[in-house]
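Here's the structure, in structure tokens; my notes come after.
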Amino acid sequence: MSLHPKESAGLTVKKNEDFSEWYTQAVLKAGLADYAPVKGFIVLPPYGYAIWESIREILDKRFKESGHQNGFLPVLIPESLLSKEEDHFAGFTPEVFWVTKAGDKDIGERLALRPTSETLAYSIFAKWITSYRDLPLKINFWNTALRAEIKATKPFIRTSEFLWQEGHTVHATEEEAEKEVMTILDIYKDLIENYLAVPVVTGFKSDSEKFVGAKYTTSLEGLMSDGRGLQMGTSHHLGQNFSKPFDIKYLGKDTKEHFAWQTSWGVSWRLIGALIMVHGDDKGLVLPPKVAPIQVVIVPIHKDKDAEGVKEKAREIESDLKKAGIRTHMDGRDEYTSGWKFNEWEMKGVPLRINIGLRDIEKGQVEFVRRDTKEKIPCDRPKLVEAASSLLATIQENLLTRAKLFLNENNFRPSTYSEFKSIVEERGGFVVAGWCEKVECEKKIKDETGADIRVLPFDQRGKPAKCIYCGEEAKKAAIFARAY
RNA sequence: GGGGCCGUAGUCUAGCUUGGCAGGAUGCCAGCCUCGGGCGCUGGAGGUCGCUGGUUCGAAUCCGGCCGGCCCCA
């Protein structure tokens, strides 16, 4: 594992004092990302990209197991195609980058750098699908999308180009498409909770927040440490909204022509931003073991004359752990003191550290240091590999437990609108309230408090009786929050 | 959409008000020393002062435009 060029010192702000500055420093100083020369674009050094690779491996496996295949789509979409579905086009057009020239010659029709690929993919799918035998078609694309972010940008959370996957499926029946939407949502939930250790609430987006062009959008919403919500992923039921303009039709067993039913879904590197925000602390990142590029770092502690002996032991440990499939790095650099290394690896969020010096070798032990609790745990050398795996599992579990606790503690149920406002304005968090399903109420609340409907949870137990804004009968329990 | 702050070596920064030799710390390189929480010493290299135009005998400094980073309000 090559290291990012080292920057001086640690974080200069505390997480709970200046969250925004803390986040930026945590990302940059850990070597997860760096700014590119163009506004809103970032560069990923290997340490940052490795986290994305972990996420991609996990999802890719799950997608393939559930019958999806990967494909490739070009980055340019002609305007005529992008504009074929009106709502979709109107929704995306303010943030589209356009290519208008080839060399110094003007191009006849503007070409969009894909903000998302529905239109392009579906114009192709229309050619591929003629019979019910061609269905279902389930394809995923690992690529980037480009959406111009003119004002606020933040590494991983809001960038003008982002790494993501976009899945697109075509089905013969609506039921099958609806099932697909939920299958994907479950895969996302498993990834986010059981690998990234970020608890989420799943449910529907309100009509005004749904994907432009979709029949409905399901979503996974996380809560960040500053009380703001973050959309972690979405899975859309497109109905026949795209199959009609793009003419995706098949001949059924009934020998009649039918429009197909479709879904699309995606998660992006935003997930990396979320796990930084949720788990990080004043010392820097705390990465969940399952996605950490380095799970265990070994820091040998020695005087010059003892260096080779101690490092030799450290290398043995490294080799044992690697054989057991644990991603391990032995930090044998001579130019840094052990204290310096402790701080650096903490900043980079390595979940488990092993200290080994003469003291430990004499006792036949090593010392584990947990990143999440800072706890130091001695361990006999023969039990080391087993203990490391079990500690990694414990850390993984503890991160989720801790995050769940935070989510529960920051879940509020105000009974009046003024109480609602003061929670949103003073503490943040997920605010559960009744909603009459009228757009006016949703909009007024957003205008007056800055909080919007993050999600209408699938779990509607405990739905309040009245709309928090107008007092009429509540049709849904909604989770409101200010969001990224 | 509206308002504000900022940009000087890899990094952080002084200098800008009142124009006149670009300075420090840290990092980097060499050598020595050291290692259980960001060691120490000696020497060295490193700068289009974000870019661009203007004012001036002279611009990091004053003025305009642009690029980039950040914050607040809606």
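In what follows, chains are A, B, ... by sequence order, proteins preceding strands, each numbered from 1.
For the pair Asp334(A) CG and A30(B) C1', the interatomic distance rounds to 16 Å; values are reported in whole Å. Lys29(A) has its NZ atom 13 Å from the P atom of G27(B), to the nearest Å. Nucleotide C39(B) holds its P atom 14 Å from the NE2 atom of His302(A), rounded to whole Å. The interatomic distance linking Glu448(A) (CD) with C73(B) (C1') rounds to 16 Å, in whole Å. Computed from coordinates, the Trp345(A) CH2 to G36(B) P distance equals 18 Å when rounded to whole Å. Going from atom CD of Glu425(A) over to atom C1' of A74(B) covers 13 Å, rounded to whole Å. In this structure, CG of Asp447(A) is placed 9 Å from C1' of A74(B), rounded to the nearest angstrom. Note: CD (Glu335(A)) to P (C28(B)) measures 8 Å, nearest angstrom.
G43(B) and U52(B) are spaced 37 Å apart, taking the P atom of each and rounding to whole Å. Only the C1' atoms considered, C35(B) is 48 Å distant from U17(B), to the nearest whole Å. Between the C1' atoms of A74(B) and C6(B), the separation comes to 23 Å (whole Å). Here the separation of A14(B) from C29(B), taken at their C1' atoms, is 26 Å to the nearest Å. Distance check on atom C1': U8(B) versus C16(B) gives 11 Å, rounded to whole Å. C49(B) and A22(B): their C1' atoms are spaced 8 Å apart (whole Å). Taking atom C1' in both C66(B) and G7(B), one finds a spacing of 14 Å when rounded to whole Å. Rounded to whole Å, the C1' atom of U61(B) lies 40 Å from the corresponding atom of C39(B).
Checking Glu109(A) against Ser80(A) by side-chain atom types alone, a donor-acceptor pair falls below 3.5 Å. Asn143(A) and Glu166(A) share a donor-acceptor pair across their side chains, judged by distance under 3.5 Å alone. Residues Ser415(A) and Glu419(A) have side chains that bring a donor and an acceptor to within less than 3.5 angstrom of each other.
In this structure, Ser338(A) does not reach the G37(B) phosphate: none of its side-chain N or O atoms is under 4.0 Å from OP1 or OP2. Contact annotation: Lys303(A) reaches the phosphate of C35(B) (side-chain N/O to OP1 or OP2, under 4.0 Å).
Enclosure of atom NZ in Lys313(A) is not indicated, since only 12 or fewer non-hydrogen atoms of other residues, nucleotides or ligands lie within 6.0 angstrom. In the displayed structure, Glu448(A) atom CD is contacted under 6.0 Å by more than 12 heavy atoms of other residues, nucleotides or ligands. Enclosure of atom NZ in Lys210(A) by more than 12 non-hydrogen atoms of other residues, nucleotides or ligands within 6.0 angstrom is indicated.
Nearest to the side-chain atoms of Phe342(A) among the listed nucleotides G38(B), C35(B), G37(B) stands G37(B). The side chain of Thr337(A) lies closest to C39(B) when the candidates are C39(B), C35(B), G37(B). With G38(B), C28(B), G36(B) as the candidates, the nucleotide lying closest to the side chain of Tyr336(A) is C28(B).
Lys466(A) and Glu472(A) are not joined by a salt bridge, as no carboxylate oxygen comes within less than 4.0 angstrom of a charged side-chain nitrogen. Checked for salt-bridge contact, Asp281(A) and Lys283(A) miss the test: no charged N lies under 4.0 Å from a carboxylate O.
Of the options Phe430(A), Tyr469(A), Phe420(A), a ring-ring contact (aromatic ring centres under 6.0 Å, His included) to Phe480(A) is made by Phe420(A) and by none of the others.
Counting any heavy atom pair closer than 4.0 Å across all strands shown, Ile150(A) reaches no nucleic acid atom. Counting any heavy atom pair closer than 4.0 Å across all strands shown, Lys376(A) reaches a base atom. Residue Asp360(A) is in base contact, counting any heavy-atom pair closer than 4.0 Å across all strands shown.
Here side-chain hydrogen bond (donor to acceptor under 3.5 Å, both in side chains) pairs that include residues 287-311 of chain A, with residues two or more places apart or in two chains, are Glu308(A)-Arg315(A), Lys311(A)-Asp334(A).
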Below 3.5 Å is the cut-off: list the nitrogen or oxygen pairs between protein and nucleotides 64-72 of chain B, distance only.
residue	atom	partner	partner atom	Å
G68(B)	OP1	Lys39(A)	N	3.2
G69(B)	OP1	Gly40(A)	N	3.0
G69(B)	OP2	Lys39(A)	NZ	3.3
G69(B)	O3'	Tyr35(A)	OH	3.3
C70(B)	OP1	Tyr35(A)	OH	2.8
C70(B)	OP2	Thr153(A)	OG1	3.3
C71(B)	OP1	Ser20(A)	OG	2.2

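Between Arg482(A) and Val369(A), the residue anchored nearer the 5' end of RNA chain B, judged by the nucleotide with its closest heavy atom, is Val369(A).
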Ring pair (Phe, Tyr, Trp, His ring centres under 6.0 Å) between Phe156(A) and Trp269(A), worked out = CA-CA 6 Å; Phe156(A) 295 117; Trp269(A) 67 17; 5.6 Å; yes
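Counting atom types as modelled, Glu344(A) pairs no side-chain N or O with a base atom of G38(B) as donor and acceptor under 3.5 Å.
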A correct dot-bracket answer for RNA chain B, with pairs being Watson-Crick or G-U at under 3.5 Å, [ ] for crossing pairs and | for inter-strand pairs, is (((((((..((((......[..)))).(((((.......))))).....(((((..]....)))))))))))).
